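Proteins come first, then strands; the chains are lettered A, B, ... in the order of their sequence lines, and each starts at number 1. Keep in mind that what you see is a predicted model, and the values were worked out from it rather than measured.
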Amino acid sequence: MIRVQREDFDLGAELRALSDGDHGIGGVASFVGLVRDMAAGEKIGAMTLEHYPGMTEKMLGRIEAEALERWPLNASLIIHRYGRLEPGDQIVLVATASPHREAALESCHFLIDWLKTKAPFWKLEDTPDGGQWVDARDSDDEAAARWSKRAD
Amino acid sequence: MIRVQREDFDLGAELRALSDGDHGIGGVASFVGLVRDMAAGEKIGAMTLEHYPGMTEKMLGRIEAEALERWPLNASLIIHRYGRLEPGDQIVLVATASPHREAALESCHFLIDWLKTKAPFWKLEDTPDGGQWVDARDSDDEAAARWSKRAD
Amino acid sequence: MKLLYFAWLKTKTGVSEETVSPPAEVQTVADLLTWLKRRGPGFEEALADMEALRVAVNQEYAEMTDPVTAGDEVALFPPVTGG
Amino acid sequence: MKLLYFAWLKTKTGVSEETVSPPAEVQTVADLLTWLKRRGPGFEEALADMEALRVAVNQEYAEMTDPVTAGDEVALFPPVTGG
């Protein structure tokens, strides 16, 4: 399941719902991204996440479908927020449930790595010098590329 | 932090507490192990987790210390339950918080892989034929061995 | 053709969304960008570094050689930074 | 010397915890296991497959050649299956 929303989410409730009632699930892996108050050594106050409505849902849905094809998953969830966020706020949740530990852990890692390079979101950070669009990081491309190689 | 306990835990509250108030944290990775109702193709009703009080805490503490040494973590948590558990029940929680996504994801994966081969717990499954001690899996040894190689 | 601009592409061009009718010689993504650059200094600056630019046609990532046609939705944006 | 038995080591020997005084020739983990095997059929069966056995001395994983002394806590158990 994918959700793109302005509102915060209840992490515990979301994770519980993912495995609730399915006793074939042996493990739930999750990653939550939070707004940091330090970016590249500079203090930030808050940020605004812009996205491309329509394409965002399309890309997240495709990334999730890819994970469901590669790993034996009973359930998966991607929630990504947009709009104004303060340090400490939750930005993104990726969670996967599988009979097997490795499948849950790997697919969760895959989902967030791919999301970071494919999902059309852009961060505008408030800095003492005004709003700054965050630059993409090469390390994110490299992290995502790992999963392409493994598929060979 | 490590905890060995008979009682269940509140996943959402535990994860929230891990990052609460620390705005240097950019990501929280977690893995929750659940009791499955199928083991090696056979339906199980419930299981009992036995452990070695004293050594359990020692090993979990050492595994956590190893993770804190290898990755830049702001916080980590291992909770492992013992006693009688039903299908769907939470067995174990491993969670790590870091400024960096990769550090959180990798250290979480490392912790559960190592715990699986080092922490002195044993599962006794209720089966239609009575109580069965679960056999260790070679795949768990292999998963843990990966992390030794990487340290070379 | 509907054009969308995101992040600093929007800031630099001063446009978030517009409908345009490029001339017939605009056949590909590359053609479209070349044509857009001529629309003024804001566009020229925003589109100066093609390497720093991503293009989606009808909400799919597109290459410079991919075709564009009158009814398409074309979005211009920098590499993504969500998550 | 305090001995602890877990999982099927406990089931097969019928003992979960005991205090023993092995003879002076018991110097290592291997010596101890050899001595324990002679204590009856339950012990012989439980300790038959050394490969399937893990030993901890004073709550640290130990090898067959590691020393054991009178004041030690020695635990015998199968490979762990928690998590």
Peer 1: At a 4.5 Å cut-off on heavy atoms, which part of A:Lys58 comes close to chain C: side chain, backbone, both, or neither?
Peer 2: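 Only the side chain of A:Lys58 comes within 4.5 Å of chain C.
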
Peer 1: Any idea which heavy atoms bring C:Ala75 and A:Tyr52 closest together, and the distance?
Peer 2: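 Closest approach of C:Ala75 to A:Tyr52: CB-CE1, 3.3 Å.
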
Peer 1: So, for A:Met59 and C:Tyr61, which heavy atoms are closest and what is the spacing to 0.1 Å?
Peer 2: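 Looks like SD-CE1, 3.8 Å.
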
Peer 1: Ignoring hydrogens, what is the shortest heavy-atom contact between A:Val134 and C:Thr81? Give both atom names and the distance.
Peer 2: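 Nearest pair, atom of A:Val134 first, then C:Thr81: O-CG2, 3.3 Å.
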
Peer 1: Is A:Asp135 in contact with chain C via its backbone, its side chain, both, or neither, using a 4.5 Å heavy-atom distance?
Peer 2: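 Backbone only.
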
Peer 1: Can you name the nearest heavy-atom pair linking A:Lys116 to C:Val80, along with the distance?
Peer 2: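 It is O-CG2, 3.4 Å.
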
Peer 1: Is C:Gln59 close to A:Glu57 at the side-chain level, that is, under 4.5 Å between some pair of heavy atoms?
Peer 2: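 Side chain of A:Glu57 against side chain of C:Gln59, heavy atoms only: no contact under 4.5 Å found.
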
Peer 1: Please state whether the side chain, the backbone, both or neither of A:Arg81 comes within less than 4.5 Å of a heavy atom of chain C.
Peer 2: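 For A:Arg81, neither part sits under 4.5 Å from chain C.
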
Peer 1: For C:Glu63, look at atom CD and say whether over 12 heavy atoms of other residues, nucleotides or ligands are found less than 6.0 Å away.
Peer 2: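 No, CD of C:Glu63 has 12 or fewer neighbouring heavy atoms, counting only those of other groups under 6.0 Å.
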
Peer 1: Tell me whether C:Met64 at atom CE has more than 12 heavy atoms from other residues, nucleotides or ligands lying less than 6.0 Å away.
Peer 2: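 Check passes, neighbour count above 12.
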
Peer 1: Taking atom CG as the centre, does A:Asp138 end up with more than 12 heavy-atom neighbours from other residues, nucleotides or ligands that are less than 6.0 angstrom away?
Peer 2: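 At most 12 heavy atoms, drawn from other residues, nucleotides or ligands, come within 6.0 Å of this atom.
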
Peer 1: Could you tell me which portion of A:Leu124 (side chain, backbone, both or neither) has an atom closer than 4.5 angstrom to a non-hydrogen atom of chain C?
Peer 2: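 A:Leu124 has no heavy atom closer than 4.5 Å to chain C.
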
Peer 1: CH2/A:Trp122 to CZ/C:Phe6 distance, rounded to the nearest 0.5 angstrom?
Peer 2: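 CZ of C:Phe6 is found 5.0 Å from CH2 of A:Trp122.
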
Peer 1: Can you name the closest pair of heavy atoms from C:Ala56 and A:Met55 and give their distance?
Peer 2: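 Closest heavy-atom pair between C:Ala56 and A:Met55: CB-SD, 3.5 Å.
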
